[in-house]
Every structure is written in structure tokens, then in C-alpha cells.
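Everything below concerns the one structure shown next.
In what follows, chains carry the letters A, B, and so on, assigned in the order in which the sequence lines appear, proteins first and then strands, with residues in each chain numbered from 1.
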2 protein chains.
Amino acid sequence: MARPTTPSGRTGRPRRTSREQILTAARRLIDADGWEKLTIRRLAAELGVGAPTLYHHVRDKDDLLLQLLNEHTSRIERPPLPADPGARIMVAATTMHDVLAAWPWAAEVLTSDGFVGLLDEPSLWMVEAIVSGAIDSGATPEQAVDVFRGIWCFTVGEVLVRAHTDRQRAAVDRYLDLTGFDPGSLPTLAAIAEHWPGLAARDIYPDGLRALIDGLLAPPGAAGDS
Amino acid sequence: MARPTTPSGRTGRPRRTSREQILTAARRLIDADGWEKLTIRRLAAELGVGAPTLYHHVRDKDDLLLQLLNEHTSRIERPPLPADPGARIMVAATTMHDVLAAWPWAAEVLTSDGFVGLLDEPSLWMVEAIVSGAIDSGATPEQAVDVFRGIWCFTVGEVLVRAHTDRQRAAVDRYLDLTGFDPGSLPTLAAIAEHWPGLAARDIYPDGLRALIDGLLAPPGAAGDS
DNA sequence: ACCTGAACACCGTTCAAGT
DNA sequence: ACCTGAACACCGTTCAAGT
């Protein structure tokens, strides 16, 4: 009746594949070939096990991506947060942006799989910093949540758009001659067409972020028309 | 040597499958089962032809999606554009947003497949309206393109985030107890946790858009600190 | 308890062959 | 010119069977 035991106190056949090995191998595959190429079958092959084995460690592929994402965000170093509420929001949002921009697949997972609710504690400090910064600036809870959600949408959108624009610039050239705008119906685009590629390479995140924060925190009615 | 001809003047075997039929059937499948379920094979089955047949009418699946998207945007009715530049930007951007929000898969195609460069003329009037509105407000070409790109990122992000939040609210509940924030490390989130679902249901697009426009068009240095 | 091979129900795409 | 069946090289996931 002596059951086989492992150092960790579990019973049964000792595991050959750990959660840690799986996540490490998955990161390796993503970094090498891009996140579209991460499949259960390739990951299993990389680990030298059969594909069904992985289902003992993850519920399904979405669960794997979520674990990967949480592991990734738990690694990021937490910058010092300024006391000034506006600056605090900028720092937290920029950190959020940089994390996603460095690993754009994370943004795809986050939009294709749900929302911030899927993240665990180690990454929620960024949400906390933004919401508390808004409230310390005099915002109501309603406004504070609006500020966070506005920043979140802008951040996710910027990361996704830029990631794909970079990757598929060749495809764009194939479809559209940027100098081919009809000056009759599209006069402004025709006039600036040749400069567009250069202009579109500029980083718009900081200015857009500042505009959103200023505009969403301003007392209602105080905008623009002074 | 008499070659078979069709009414359209082409030669060879008369086609049984038209571009129009393909796009109509594709729309039907998307509306019925969602855009994730649109596959070449299902579409061919819906049309009663073999899957390889479709490759005579589309280059590949991306090309099919692009044709679908261009057909969709060519249908939208063009609202009257106000003379006031700021109002013109609002109207064009809101139209862009509403089109995407009504058919969120379009936003996914646009981010997963490239950029505005993939669209053809019938949808470029929205880009023209935004860029010209910015220039008429006194912006430089650089600023005008920044305004458009900022609006574009915000719009795409909002549509994608909202589409998935709606669809997967159940999944979120499964993972995260919204009332479970640690008041020690996340005091603000813990305080507003129970109100979050209600607050997050608000439509942030109009306010965010206004904030972006005002902030990006403001002369540099004039922001916030008055 | 963990791992396996085989199978199920799919994909997008290519290609030689038919009409 | 258009359409076909068969095939290629994949997917995620399940399940009975082994150790």
C-alpha cells in the first residue's frame, strides 16, 4: 500500500513537465517565431511531450495565454510613483503602454480574451495608480473610471495599430499607392500624401495620453471655447 | 474556333459563382454566427461549391475580408459635414466609430490586417474630413496627421475593448471576484469595486474623443496649467 | 497522477484533372 | 475559364489505455 511520493508530497507518477517549464518554453517560442505561431502542439513538441499532456497543466489555450500574461506582468519593475496625481497617471499609463508595446501579443490577448478583470494583483497597481490619481485630482469615481477606461482604450488601440503597421508595411504598399488620392474628392489627403509615411512614423502616444488626461479631468464646460 | 462567350463578353465556362454572391453569403454567415465562424470552407458550403472554387474570386482569406470591409464601408451613408472644423472632426470620427461598433469584426480586420491604406475611396472621406478639419483649425500637417492617428487608435481600441467586454462578461466573473481587491495595496479599487460594473457600462467615446481633439489641437504649452 | 497514441472535427491552400 | 476531388500540412481537444 506504499504509494509513490515525490519531494513535494504529491502522490502518483512523478511529473515530467512543470508549469514553469511550459511557460518558459512558450516564451521562447513566442520570442523566436511570433505569438501567432504558438500552438499547443508546437509547444508540446518543444517540450518533448505529447500534446494532450499539456491539458493536465492548463485548462485550454486561453488559459495558457492568460497564465503567460500574468507571469509577464508580474516581472515588470514598478517605477516610483510621483506624488502629483497627473504625473502619477502619466507614469502608470506609460508603464502599461511600454509593457504592451514590448510584447504586443499581450494586447491582443487582453482584447481577444476579455478585460483587466483577467489580470491578477501584480499588474493591478497600474489601474490603482490611474484611478487614484484621477480621484486625487478632484474627479468623481465616475470620472476616475472614465479616465482609466479612456486611457486603456487608447493604449490598447495604439499598441495594436502600431504593431500591425510595422509588420505589414509591405502589404500596404501592395494595395494602395499613397500618391494616388483624387485631389477632387480628397484634396487634403492628396496634398499631404507624399509626406504621410514620414508623419505616420511619429510617436503619438505621449501627446494623445496628455490630451486625454487633461480633457477628461477638466471640469465640465471648461473645454476649448475660452 | 468559335469560343464560348457570355453576355459579359468573357470567354470560357460560364461562372456559377459571382463576387456578389460570395460577399452576400459571407455577410449572411457573419451576421448569423459571428465573424470567427467565417471560414473559406463554410462559405463554399453555403454557396454549394467546393472550397478551391473560391480561390478563383479571392486571392486568399485576407483578401476576402478586405473586399467585405470595403463593400461594407461603401454602403454607409455620408452625413452632412458641418462647416465648423471641430464639429466636422467630431462627426467624421463618430461615423467611423459607429460603423466599426456596429460591425466589430471590421475593427479586428483593420488592426489585424494593416491600416487605413487598405481601404478604398468610399471610406476615405472620413480620413479627409478629420485631417482637413484639423488643418482648418490651424494645425500643421504634422499635427493634423497626429490628430487623425490619435483618433484612429482611440476608436479602434474602444470598439475592440467594448466588443469583447460585452461578449465575455461571464468569463470575467469566472476569474475575478471584483469585490476581492486588497484594501491595503489597492485602496482606491477596493473602495469603488462594487460600483465598477455600473461605471464601466458608461459610453466613454464622446468625452474621450472631445478630449483628444481639444488636447491635440491646442497650441503647445497651453495645456492644463492655467 | 501523469503521460500516451489514436482519433475527431476542423482549418487554409495547392494542384492535377475534368468540362 | 471555371470548377472539382484529393491531398498537404496543419489546428484544438477528447478519451481510453498504459505506467
Could you tell me how far apart A/Arg19 (CZ) and C/dC2 (P) are, to the nearest whole angstrom?
14 Å
Atom-pair distance (NE2 on B/His57; C1' on D/dC3), nearest Å:
10 Å
Separation of atom CG in B/Asp60 from atom C1' in C/dT14, rounded to whole Å
13 Å
Hey, which of these two, B/Ala51 or A/Ala51, hits DNA chain C nearer its 5' end, going by closest nucleotide?
A/Ala51
Can you pull every protein N or O that's under 3.5 Å from an N or O on nucleotides 5-11 of chain C?
| from | atom 1 | to | atom 2 | distance (Å) |
| --- | --- | --- | --- | --- |
| C/dC11 | OP1 | B/Thr39 | OG1 | 3.3 |

Base-pair string, DNA chain C, Watson-Crick plus G-U, cut-off 3.5 Å on both distances, | for inter-strand, is ||.|||||...|||||.||
Is a salt bridge present between A/Glu71 and A/Arg27, judged by a nitrogen-to-oxygen distance below 4.0 Å?
yes
Hey, is A/Lys37 close enough to A/Asp33 for a salt bridge, meaning N to O under 4.0 Å?
no
Spacing between A/Asp62 atom CG and D/dT13 atom C1', to the nearest angstrom
13 Å
Is A/Glu46 paired with A/Arg42 through a side-chain N to carboxylate O contact shorter than 4.0 Å?
no
I'd like to know if the side chain of B/Glu158 reaches the main chain of B/Thr155, judged simply by a donor and an acceptor atom lying under 3.5 Å from each other, with no hydrogens or angles considered.
no
Indicate whether OP1 or OP2 belonging to C/dC2 is found under 4.0 Å from a side-chain N or O atom of A/Thr53.
no
Regarding A/Ser185 and A/Asp182, is there a side-chain donor-to-acceptor distance under 3.5 Å anywhere?
yes
Between atom CG in A/Leu54 and atom P in C/dC2, what is the gap in whole Å?
13 Å
From NE2 of B/His56 over to P of D/dT4, roughly how many Å is that when rounded to an integer?
9 Å
Determine whether the side chains of A/Ser132 and A/Arg88 contain a donor N or O and an acceptor N or O closer than 3.5 Å.
yes
Identify the residue among B/Val156, B/Leu216, B/Val127, B/Leu209 that makes a side-chain contact (heavy atoms from CB on, under 4.5 Å) with B/Ile151.
B/Leu209
Sequence neighbours excluded, every pair satisfying salt bridge (Lys or Arg N to Asp or Glu O under 4.0 Å) that has a member inside residues 195-209 of chain B:
A/Asp146-B/Arg202
With a 3.5 Å distance limit and no angle check, can you tell me whether A/Glu128 reaches the backbone of B/Leu189 through a side-chain donor-acceptor pair?
yes
Measure the distance from OH on A/Tyr55 to C1' on D/dA16 and round it to the nearest whole Å.
17 Å
